[in-house]
Amino acid sequence: MPLIEIKNLGKTYYDEATTTALTSVSFNVDKGEFMAIMGPSGSGKSTLLHILGLLDKPTSGEYLFGGRNVGEYSGGEIAEFRNKKIGFIFQMFNLLRRTTVLENVKLPLLYSAVDRRYWDDMAKRAIESVGLGQRINHEPAQLSGGEQQRVAIARAIINNPEVIFADEPTGNLDSKSGGQVMSIIDSLHAEGRTIILITHETYTAEYAQRIIRLKDGEIESDEKVKSRRHADGHEFFK
Amino acid sequence: MQFRDSFKTAILGLKVNKGRSTLTILGIVIGITAIMLVVSLGKGAQDLILSQVQAVGSKTIAIVPGRQPKGITDVFSTFTDSLKEKDLTALENKTNAPHLAKIMPVVFGSQAVSYASQTYRPTIFGSTALFSEIYNVYPAKGRLFTGEETQSYANVAVIGSKVEKELFEGQESLGENVRINGKSFRVIGVFEKKGQVSFVNFDDVIIVPYTTAQQYVFGIKYFNRIVAEADNESNVDQTVADIKATLRNSHGITDPSKDDFFVETQAQAMQMVGSITDVLTIFLAAIAAISLLVGGVGIMNIMLVSVTERTREIGLRKAVGATDGNILAQFLLESVLLTAIGGAVGIVLGTLMSFGAVLALSKFANLKWSFIFPTSAAAAGLLVSALVGLVFGLYPARQASKKSPIEALRYE
């Protein structure tokens, strides 16, 4: 059974003008798969990611996660899903300012049922796993863009989620920092996590096993990556 | 999410905008300070007035000529001449008022008094020697006048310490003659320094036999008051009834609504003073409370700005698992914390200011004004300020909790 099944997913915004972001999209994602979604801006890829991460609701179609229809989730179940099942990595990092790395990474634990005695250890482990053990008490303003994104990754994995959603994670980074971030994401996949990545760079997308290309709210192509790019000589996971 | 974490989150939110948080709570601080000040000083004033009333003793009964005034404008109805010598005689009769232990007539007024080249204008009281017992004020030197001296219209006077100072300027006053209204009076005693008791400054009076006062000082045949004392506190009510019956009989009155006198007890006086000062305090505190309303609107305004500014933060929190309730609690707690801190600061500030005011009053106005910390007002102030935060924080907090995470994360 696939981990994620979406059937005829559509999203239309009714603002001043009616905009259709997604017409009818269907695909499955298996557990442990690393998938990239590509497409030009306005193709609906961000909308699709937000729906998959339960940040947004589709206007038509069905979304099953682990065989369950998430459209039936209550508000509390949606929050719990975001907290435990998934981790988000954003292009803009979205760290809380004037808040230390440690506190930023602990943020999801605040909304979880995890006993607070374990919070610090969990957060430290996550921070060390992205190679920022020395930066634990720094605030975001003291960190480089690449370091901030690694803090965001640590925050995304703290609750050991099944799926990581990454929305243009390298979009604001130079190529060196971007490479570091991608190798961390690659190793998260190697640990068995499902990764869904949005990017408009083919170079970045080729870390994935499979690429879906969207155009005007529809799937243009869905194909396996023949020669995957791999993080070589990753400095954080030895 | 535990309360502890919500609390920490709220504190952090306030810390990030320290300057703004401080300005925001100013309205609440001022409001609570004003309320504390008004209530504390009001209680102090009440105590001061009550202590004056109480100084006379709870067995004391005052008989006042005229109708009981029905309001402030009705005050002139008290200036009548209905209490005369025959009333005194009737009341002294034990069969009329068996529990009446002491009784003395009082006439008073302000008159110029002169000695050598000095002139002074104290309050002149005409009464009997019981005056000392009832008001608990005795001569420090010399003596009081006797019953015989009262009977014989003697020209003797007991003077207050301030009167002595003004007229004699440190010279011996006993045995000297002072002139009141052209008539010569021999000083036979000087009162101890006593200050204000029951609204009379006993340092600033001259007491003479009431007979002499009526005849030579004021030229009247009636009394301004008759002051009596029951033998026992529990007999006050009975004695009041006896006095009324005796005086109605003496004045030929059958309809109580046509009484040309009224009787006041200490209990009544204290109750009246208490209720007047209470009403005044509540009224002033209510005016001060308006500033809390204004402060509350300020809080709401700033919280709305804060919610807009932190749209991305709200989006992020929701994306990592915060429920609408978590966000609502966070912002509500922030505004409640903000106003509660304002309330606490106001309580401290109000206490300090009223303490300062009391110091100034007792030092410069020479009043025995005591400082009172109004515990109930402080508790109510803290509660009300927290409530203001709750009420005025609710709308912004709801706005925050209703934000869609997508809109919020997209917000620049």
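The structure presented is a predicted model; accordingly, all values stated were derived computationally and were not measured. Sequence lines set the chain letters: A, B, ... in the order given, protein chains first and strands last, and positions in each chain run from 1.
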Under 4.5 Å between any side-chain heavy atoms of [X] and [Y], yes or no?
| X | Y | result |
| --- | --- | --- |
| A:W119 | B:D5 | yes |
| B:E313 | A:R97 | no |
| A:H50 | B:P405 | no |

Look at atom [atom1] of [X] and say whether more than 12 heavy atoms of other residues, nucleotides or ligands are closer to it than 6.0 Å.
| X | atom1 | answer |
| --- | --- | --- |
| B:M270 | CE | yes |
| A:Y73 | OH | yes |
| B:Q271 | CD | no |
| B:K43 | NZ | no |
| A:Y13 | OH | yes |

Inter-residue atom distance [X].[atom1] - [Y].[atom2], 0.5 Å rounding:
| X | Y | atom1 | atom2 | value |
| --- | --- | --- | --- | --- |
| A:N104 | B:L316 | CG | CG | 8.0 Å |
| B:N17 | A:R98 | CG | CZ | 7.0 Å |
| B:R312 | A:L96 | CZ | CG | 11.5 Å |
| A:R82 | B:T323 | CZ | OG1 | 10.0 Å |
| B:K318 | A:Y111 | NZ | OH | 11.0 Å |
| B:E407 | A:L55 | CD | CG | 11.5 Å |

Measure B:R310 against the heavy atoms of chain A and call it side chain, backbone, both or neither at under 4.5 Å.
->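 Interface part for B:R310: neither.
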Proximity breakdown for B:L12 and chain A, heavy-atom pairs closer than 4.5 Å =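 Contact with chain A: side chain only.
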With a 4.5 angstrom heavy-atom cut-off, could you sort out which part of A:T99 is near chain B: side chain, backbone, both or neither?
->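 A:T99 touches chain B through side-chain heavy atoms alone.
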Identify which part of A:F90 has an atom lying under 4.5 Å from any heavy atom of chain B, answering side chain, backbone, both or neither.
->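 Side chain only.
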Shortest non-hydrogen contact from A:N83 toward B:V320 |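 Closest heavy-atom pair between A:N83 and B:V320: ND2-O, 2.8 Å.
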